[in-house]
Enquirer: 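The structure's right below; bear with me while I get my questions together.
In what follows, residues are counted from 1 in the order of the sequence shown.
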Amino acid sequence: MLHTIEISTSKRDELRDITREVISYVKKSGVQNGIAVVYCPHTTAGIAINENADPDVKHDVLMRLDEVYPWEHPKYRHAEGNTASHLKSITAGPSQSIIIHEGTLLLGRWQGIYFCEFDGPRHRQYYVKIIEG
């Protein structure tokens, strides 16, 4: 089962918690044991799993990514001017695979799934593929 989810972001850099949406697709699938793959087809966005209990974690992650990958750098050569967003996307990665056990995603107590926008605001999409097995 493949699901395409539309998402609109409102900031240049944004971590959007998509955990509930992914959980809903797992429940609707009826799959009791398998894998949920969450995939982002964009070169300036990604998918990550991290803490979702304290909103300050999102702030701190985005702050440090900006420090490591500043928006402007005198040696950047990419004509579109969004090299930092590509570097952040590589760091986050395009996908996450989460085990489904007894109908539930095996996420840690404080973990959530994030759509990571690094070149917004934009209208984007991501995919959720539920694999039984």
Enquirer: Should the pair D66-K88 be classified as a salt bridge under the 4.0 Å nitrogen-to-oxygen rule?
Expert: yes

Enquirer: Using the side chain to side chain contact (heavy atoms under 4.5 Å, CB included) rule, pick out the option among V57, N50, V61 that qualifies with L15.
Expert: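 That would be V61.
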
Enquirer: Pairs of donor and acceptor atoms involving the side chains of residues 89-103, under 3.5 Å and at least two apart or interchain, shall be tabulated with distances.
Expert:
| residue | atom | partner | partner atom | Å |
| --- | --- | --- | --- | --- |
| S89 | OG | T43 | O | 3.3 |
| S89 | OG | A45 | O | 2.8 |
| T91 | OG1 | Y69 | OH | 2.8 |
| T91 | OG1 | L87 | O | 3.0 |
| Q96 | NE2 | I47 | O | 3.4 |
| H101 | ND1 | N33 | OD1 | 3.4 |

Enquirer: Does any N or O in the side chain of Q111 come within less than 3.5 Å of the main-chain N or O of G108, such that one atom is a donor and the other an acceptor?
Expert: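 Answer holds: yes.
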
Enquirer: Looking only at atom types and distance, does a side-chain atom of E80 sit under 3.5 Å from a main-chain N or O of T83, one as donor and one as acceptor?
Expert: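 Judged by distance alone, no pair lies under 3.5 Å.
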
Enquirer: More than 12 heavy atoms of other residues, nucleotides or ligands under 6.0 Å from CD of E72: yes or no?
Expert: no

Enquirer: Between V22, I5, T19, which is the residue that forms a side chain to side chain contact (heavy atoms under 4.5 Å, CB included) with V38?
Expert: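 When V22, I5, T19 are each tested with V38, the side chain to side chain contact (heavy atoms under 4.5 Å, CB included) holds only for V22.
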
Enquirer: Other hydrophobic cluster members with Y39, side-chain heavy atoms of Ile/Leu/Val/Met/Phe/Trp/Tyr under 4.5 Å, chained?
Expert: L2, Y127

Enquirer: If only atom types and distance count, is the side chain of E6 paired as donor or acceptor with the main-chain N or O of S8 below 3.5 Å?
Expert: no

Enquirer: Verify, without hydrogens or angle tests, whether H42 (side chain) and T44 (backbone) share a donor-acceptor contact under 3.5 angstrom.
Expert: no

Enquirer: Heavy atoms only: give me the nearest T9-E14 pair and the separation to one decimal.
Expert: CB-OE1, 3.3 Å

Enquirer: Within a 6.0 Å radius of atom NE2 on H59, are there more than 12 heavy atoms belonging to other residues, nucleotides or ligands?
Expert: no

